[in-house]
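Everything on this sheet refers to the single structure shown next.
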Amino acid sequence: SKWVFALGLAVAFPLPALAQVPAIPQISSTATPGTQALSLASLYLQEDRAVEMAMANFDKSFLSGFNSNQQSLDLEAHFPGVRDAALTAGRDVFRTHYVGAIPAWKNNLAQFIEANFAASEIADMIRFYTSPAGSKSVSAITDGADTSALAKKFAADPHGAKIDATDVNK
């Protein structure tokens, strides 16, 4: 059903920022599906949460790569502090490009939502995801999901990948 798909979308989207839900948006009877779709996309992709998660993944990946490379370790031994300087510089560049891409990602997600859901379904999902139960369910999933692994899984097989319990239990 579309509801199962919608929950799957919340889990599978590489930037699952649903753990912090903003105030309940007012859904006007005159709102166009595009406006509603963009509101729903903003619930899925909340900038602060997305950036926080992306930066944590960047740090983890950078440090793992640096610490597993003997040449990098030798460089750090010869020039103490180079690792931290490279991490700081890399974080600044990554953050700038990542934050700059978020509006386009929201628009792409809104277009997907608009193409796959009726306006009434979008309004229902907005009401659900902004309710305490919706917020709690999404937080439980996103807080337990390994979003990097999910993104790789769906990138490798966008049409055949399935979400299972191991994907949401870090």
Keeping the roles fixed (side chain from Ser68, backbone from Gly65), state whether a donor-acceptor pair exists under 3.5 Å. yes
Rounded at 0.5 Å granularity, tell me how far NZ in Lys60 sits from CG in Leu63. 11.0 Å
Can you name the residues that form a side chain to side chain contact (heavy atoms under 4.5 Å, CB included) with Asn69, not counting sequence neighbours? Gln71, Ser72
Could you state the interatomic distance from CD (Glu52) to CG (Asn57), rounded to the nearest 0.5 Å? 10.5 Å
Donor-acceptor pairs under 3.5 angstrom involving side-chain atoms of residues 73-80: please list them, not counting sequence neighbours.
residue: Asp74; atom: OD1; partner: Gln70; partner atom: NE2; Å: 2.7
residue: Glu76; atom: OE1; partner: Val82; partner atom: N; Å: 3.1
residue: Glu76; atom: OE1; partner: Arg83; partner atom: N; Å: 2.6
residue: Glu76; atom: OE2; partner: Gly81; partner atom: N; Å: 2.8

Name all residues meeting the ring pair (Phe, Tyr, Trp, His ring centres under 6.0 Å) criterion together with Phe94; count only those two or more places apart in sequence or in a different chain, and write none if there are none. Phe58, Tyr98
Hey, does the side chain of Ser131 reach the backbone of Phe128 with a donor-acceptor pair shorter than 3.5 angstrom? yes
With Asp59, which residues qualify under side chain to side chain donor-acceptor pair (under 3.5 Å), at least two apart? Arg91
Between Ser39 (side chain only) and Thr35 (backbone N and O only), is there a donor and an acceptor less than 3.5 Å apart? yes
Ion pair present between Asp92 and Arg95, side-chain N to carboxylate O less than 4.0 angstrom? no
Using modelled atom types only, decide if a donor and an acceptor are shared between the side chain of Gln36 and the backbone of Ile122 within a distance under 3.5 Å. no
Show your working on side-chain contact (heavy atoms from CB on, under 4.5 Å) between Leu43 and Leu40 and close with a plain yes or no. CA-CA 5 Å; Leu43 291 173; Leu40 183 56; 4.2 Å; yes
For the CG atom of Leu38 and the CG atom of Leu109, what is their distance to the nearest 0.5 Å? 9.0 Å
Please check: side-chain N/O of Gln111 versus main-chain N/O of Asn108, any donor-acceptor pairing under 3.5 Å? no
Here the pair of heavy atoms bringing Ala110 nearest to Ala37 is O-CB, 3.3 Å
